[in-house]
Amino acid sequence: MSRYKAYRRLVRGLNDLDLRGPFVPSELILIGAHAFPVVMNSQGEVLMAASLYGEGRIVVLGHETYLTSFPALVENALTWLRGSESYNLSVGVHQNVKGVADNASKRSFQVKVVGSFSSNLEAGVYVTDAYSVGADPKDLVAFMKAGGGVLIAGQAWSWYQRHPGVNTLLHFDGNKVSGVAGIYFSERYGGAERVPISPQLPYSWNMGNNFEDDLKFLLKGVSEFDLTGGSILSEILVHSPVAFPIATTDDGRAFLAGTYYGRGRVIVISHEGFLSRQTLTTFWTNALRWLDQGRQGVVGVVQHGPLSVLSKSGLKCEKTGFRDDLSVFVCTAYSDDYSKEIQDFVAEGGGLLVGGHAWYWAYTHSLENPMTDFSGNKVLNKLGLSLMGNMLGGGVYKAPESSQAIKNNYLFRHLLHRFAGHIINGDKLSEHEMECFQKLGNDLTNYLQMTANDWPSYTQVLSALTDILLKASMPQVKSHPVKTPEDHLLLELGSELYKVCRDPDALLPHLIENIPLLPVVNNRRIKINVNTAGGVEWISTGLYLSPGMKTNMTLPAQIVNTGWKIQISCQTDRLNHSELKRAAKVYQRFPVTSVNMQVWNLWGGLIYLLAPPKTQVQGVEVTVQQAVLAPYYKSGESYKIFSMSAEWSVLRTAPSPWAELELDNIIFSVPSDFVRDLERPDEVAASWNDLMNAIADLAVIPHKFSRKERFVTDVQISHGWMHAGYPIMAHKVSASTLVNIKQAKIDGLWGPIHELGHNQQRSYWEFPSHTTECTCNLWSVYVHEEVLGINRAKAHSALTPENRRSRTEDYVNKGRNLSNWHVWVALETYLQLQEKFGWDAFKRVFAGYHEMSNYPNNNEEKMNLYAETFSRAVGMDLTGFFKAWGWPIEAATVENVSYLPAWTDHPMAQYN
């Protein structure tokens, strides 16, 4: 039964509930996958809730008097609790709430009043107050898990007043039953008022408890967390209302966190290696005792490594797999075996300690979703903690003062609640809260990527976020750059919420205004011929989707579930700027999992197929049901697009705002305005073929690239004026330079060739960071002089004779220190070699490296190998030259080329 249907059954026939009077309810805290509010006051406090556990159901009321004050509600609850498939009308009622019995009997239920619950009770539903479940209600929990219904009512605030300092979540009797299903009675008062019954399922912003006592226990005797040693951790998303960070990096990102789940507890550290760290012994002793809850039970440990450290806790630790008779289970995050059993183990009181990171998995599974596909998160998400794909560096981090930790720490749920109040009610936020908006945006992105639409807690967050956007509206970044932290967060929120909300079409007008209505073409067929020897390759379709526009695609069966993806938008740079001229992420990818797929993107974009590496596909077709035609020229196809002859003079006017020129070895994705007046794309193709052939010649690779290079010119990019990669990213104004080849032959193409040079750099002859921005310029100089006919001194102002000479002299005068040997200074070394031995020498050197294997990894050894390789390539001992530049040339290298004549009159000799 859906949550909405369950809610409607529970409130059927009710318009409102008058909770005013002398009885003060407890606020209920909801966690887990199945708990949802039934009655919530105007302050967002949940006073009645329901949930599922195992095969059974539970309804929780925030005060015991509600059992007799609202007979219609109780009747609805009893009907729902027995289940629609059950004909068992028998109800067991604890004698302390026997007033329920009279009302239930009038409603055709068969009622039996009992002194306590017994496993022998033959009833479909059991009714009790929260004070009469007993010290160990395992039989009642088992009854619910097997399919029984439980109606429980009470409040915990008065109990807490009589038991100050005692943990309400775990020790209040009612929570020993309701907690396993994700509903807790809290010590907080609930506001009693006349509550209207909403036709829609309400949502709640529970903020959880104050975890000061937990932190005081866990951090006793702990002053710092020594995470040195080179291990890289993941950040933990702390998203349950009853979860809390235990320790964080200096900028507030959690690497160690804890949570309650049902009657049990969980701790996660985001690298398994630290479970064995001797310097953390005190903390692990505290942690195991917190997880064990005084049972003095057995701690089962999957890996052998942590045993010696964990055994110092005084608890019995043994190497074992998961068993349900353990008190605490210690495992890594790299398996989801027994995930359901482990979740039930914790819900029913067990302790769970998990170590592991998700960043490496995310790195090696770049096209998958770590929040849903990573094994550890299949266990942890439901418990309220998740491992994210971003990395945290090691170090020594100070343990927080427990009394201040919660006040100072960032709490995802709390800040989300505060942000909602700020937008919806105008609540004022502190400067510290505003500073956390960027982290909140990142956490929201990861949280929404859980796509847990079958969890009430998740869908309630979706509903709340939707209300925020409907109230505030998303900033229109296309017309007004986004600058404030609040607008940054709203922009991120809108972008991510659109992907997962239940009705994206209804939300779209609140996200992007004035979407132009562009003419479409129907049932376009694209033939695919692919041989991806050079990595993941984007296959252009020549089609575009408008913002929010959906289309259906029919794909060949042979590419389904083989790593292929559909991508919408060429703008794959993720931005992180204080001022945004577009949203931070504007592309969308869909794994090809079916022959028929529907795809869309909030921001629209060109449609691509992404072919995985080492893939050969010939002659198959993809059909796109509906899309906008883009200006798309493909060299060598005589303007034939989709088997439709169309002159470029017509095609260049196609309505898509993005265009593509696909040439023999390079593809340009540019705003369409830059090709509207382009009359001869074939001339552009011919000129770029010459340029790309030259790049291949210097690199000593075939003229046909294993993967065509790509350029995308965008309104804003992640860093620099341009940056290398696939695709190479450049600012929008650079589009003119790329397609106006006649002007390029006059002004040069230093920037684009520089980035193409970056893509030719190879680690075995690179000496980072010295040559990172240096050796790529070899291609810039070569192409300008050999193809464009522009002398190096005119190609770039840094290469005038005066500038070259003054830099060299300055380098020598400062002691020829390699710390000063970078960019233009370093390039001078290579230019002096070129001016003596010519470009063919470099080609012989690069060709030589193609034949090598087992390259050294450190700069010193690589520089010696380069000096030796270049010396052999030109038949001359160059070690004296490289020494004059401050290179760390070893005696062995000198000996290896000593049979060659020495280059003694090199340009640096004058400075000896």
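Every value quoted in this text rests on a predicted model; they were computed, and no experiment measured them. For reference, positions follow the sequence shown, starting with 1.
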Atom pair CH2 (Trp359) and OG (Ser234), whose distance is rounded to the nearest 0.5 Å: 8.0 Å

Pair Val133-Phe117, side-chain contact (heavy atoms from CB on, under 4.5 Å): steps then yes or no: CA-CA 8 Å; Val133 299; Phe117 178 81; over 6 Å; no

Around atom OH of Tyr4, are there more than 12 heavy atoms from other residues, nucleotides or ligands closer than 6.0 Å? yes

Between Asn377 and Ser386, is there a donor-acceptor pair closer than 3.5 Å when you use the side chain of the first and the backbone of the second? no

Does the gap between the ring centers of Tyr334 and His357 come in under 6.0 Å? yes

Using atom types as modelled and distance alone, determine if a side-chain donor or acceptor of Tyr184 lies under 3.5 Å from a backbone N or O of Gly262. yes

Any side-chain heavy atom of Leu462 within less than 4.5 Å of one from Leu448? yes

I want to check something: taking the side chain as every heavy atom from C-beta on, are Trp361 and Pro370 in contact at a cut-off of under 4.5 Å? yes

Hey, does Pro202 have a side-chain heavy atom less than 4.5 Å from the side chain of Val39? no

Tyr458 and Tyr447: aromatic ring centres closer than 6.0 Å? yes

About how many Å separate CG of Leu219 and CG of Asp214, when rounded to the nearest 0.5 Å? 10.0 Å

Taking every heavy atom of Ile31 against every heavy atom of Ala35, the minimum-distance pair comes out as O-CB, 3.5 Å

Can you measure from OG (Ser223) to NZ (Lys398) and round to the nearest 0.5 angstrom? 9.0 Å

Provide the closest heavy-atom pair for Tyr189 versus Gln161 in the form atom of the first, atom of the second, distance. OH-NE2, 2.8 Å

Lys138 NZ: over 12 foreign heavy atoms closer than 6.0 Å: no

Correct closest heavy-atom pair for Leu47 and Gly190 would be CD2-CA, 3.8 Å

Tyr203: which of Thr466, Thr459, Asp467 passes side chain to side chain donor-acceptor pair (under 3.5 Å): Asp467

Donor-acceptor pair, distance only, cut-off 3.5 Å: does the side chain of Asn381 make one with the backbone of Gly384? no

Judged by modelled atom types alone, do Thr332 and Glu272 share a side-chain donor-acceptor pair under 3.5 Å? no

Strictly distance-based, threshold 3.5 Å: is any side-chain N or O of Arg289 a donor or acceptor partner for the main-chain N or O of Ser313? yes

Can you classify the ring geometry of Trp159 versus His163 as parallel (below 30°), tilted (30 to 60°) or perpendicular (above 60°)? parallel

Indicate yes or no for a side-chain donor-acceptor contact from Gln293 to the backbone of Gly351 under 3.5 Å, with no hydrogens or angles considered. no

Mind checking whether Glu431 and Met434 have side chains closer than 4.5 Å, heavy atoms only? no

Are more than 12 heavy atoms, taken from residues, nucleotides or ligands other than Met391, located less than 6.0 Å from that residue's CE atom? no

Determine whether Phe283 and Phe225 satisfy the following criterion, ring pair (Phe, Tyr, Trp, His ring centres under 6.0 Å), listing intermediate values before the conclusion. CA-CA 9 Å; Phe283 175 77; Phe225 290 89; 5.3 Å; yes

Phe419 ring center near Phe437 ring center (under 6.0 Å): yes

With heavy-atom distances below 4.5 Å as the criterion, would you say the side chains of Leu444 and Leu416 are in contact? yes

Residue pair Asn167 / Arg265, side-chain heavy-atom distance below 4.5 Å: yes

Under the 3.5 angstrom rule, does the side chain of Arg3 hit a backbone N or O of His34 as a donor-acceptor pair? no

If we ignore hydrogens and angles and just use 3.5 Å, is the side chain of Asp324 paired with the main-chain N or O of Phe345 as donor and acceptor? no

Note, Lys316 side chain near Val299 side chain (heavy atom, < 4.5 Å): no

Candidate pair His417 and Arg413, rule side-chain contact (heavy atoms from CB on, under 4.5 Å), full reasoning: CA-CA 6 Å; His417 168 77; Arg413 284 273 184 166; over 6 Å; no

Is the ring pair Phe244/Tyr260 parallel, tilted or perpendicular, if the boundaries are 30 and 60 degrees? tilted

More than 12 foreign heavy atoms under 6.0 Å from CD of Glu433: is that the case here? yes

Give the minimum heavy-atom separation between Gly297 and Asp292, together with the two atoms involved. N-OD1, 3.1 Å

Give, for atom CG of Asn175 and atom CG of Leu170, the distance between the pair rounded to the nearest 0.5 Å. 8.0 Å

Whether the side chain of Thr281 engages the backbone of Gln278 through a donor-acceptor N/O pair (distance < 3.5 Å, no angle test) should be reported. yes

Would the number of heavy atoms belonging to other residues, nucleotides or ligands and lying under 6.0 Å from CD of Glu55 be above 12? no

Show the nearest heavy-atom pair for residues Glu187 and Thr168, with the distance to one decimal. OE1-OG1, 3.1 Å

Donor-acceptor pair, side chain of Trp284 and main chain of Ser276, under 3.5 angstrom: no

Main-chain N/O of Ile183 paired with Ser178 side-chain donor or acceptor, under 3.5 Å: yes

Between Leu233, Leu392, Ile232, which is the residue that forms a side-chain contact (heavy atoms from CB on, under 4.5 Å) with His271? Leu233

Min side-chain heavy-atom separation Leu352-Leu291 under 4.5 Å: no

Apply side-chain contact (heavy atoms from CB on, under 4.5 Å) to His239 and Val461, showing your working. CA-CA 11 Å; His239 54 84; Val461 170; over 6 Å; no

Search all heavy atoms of Thr445 against all heavy atoms of Glu492 and return the closest pair with its distance. OG1-OE2, 2.7 Å

CG-CZ distance between Asn425 and Arg418, expressed to the nearest 0.5 angstrom: 10.5 Å

Chi angles and distances behind the side-chain contact (heavy atoms from CB on, under 4.5 Å) call for Ser270, Leu387: CA-CA 7 Å; Ser270 58; Leu387 290 163; 3.8 Å; yes

So OG of Ser240 and NZ of Lys382: to nearest 0.5 Å the spacing works out to 13.5 Å

Are Glu348 and Tyr53 linked by a side-chain donor-acceptor pair shorter than 3.5 Å? yes

Could you point out which residue of Gln155, Gln43, Arg188 forms a side chain to side chain donor-acceptor pair (under 3.5 Å) with Glu27? Arg188

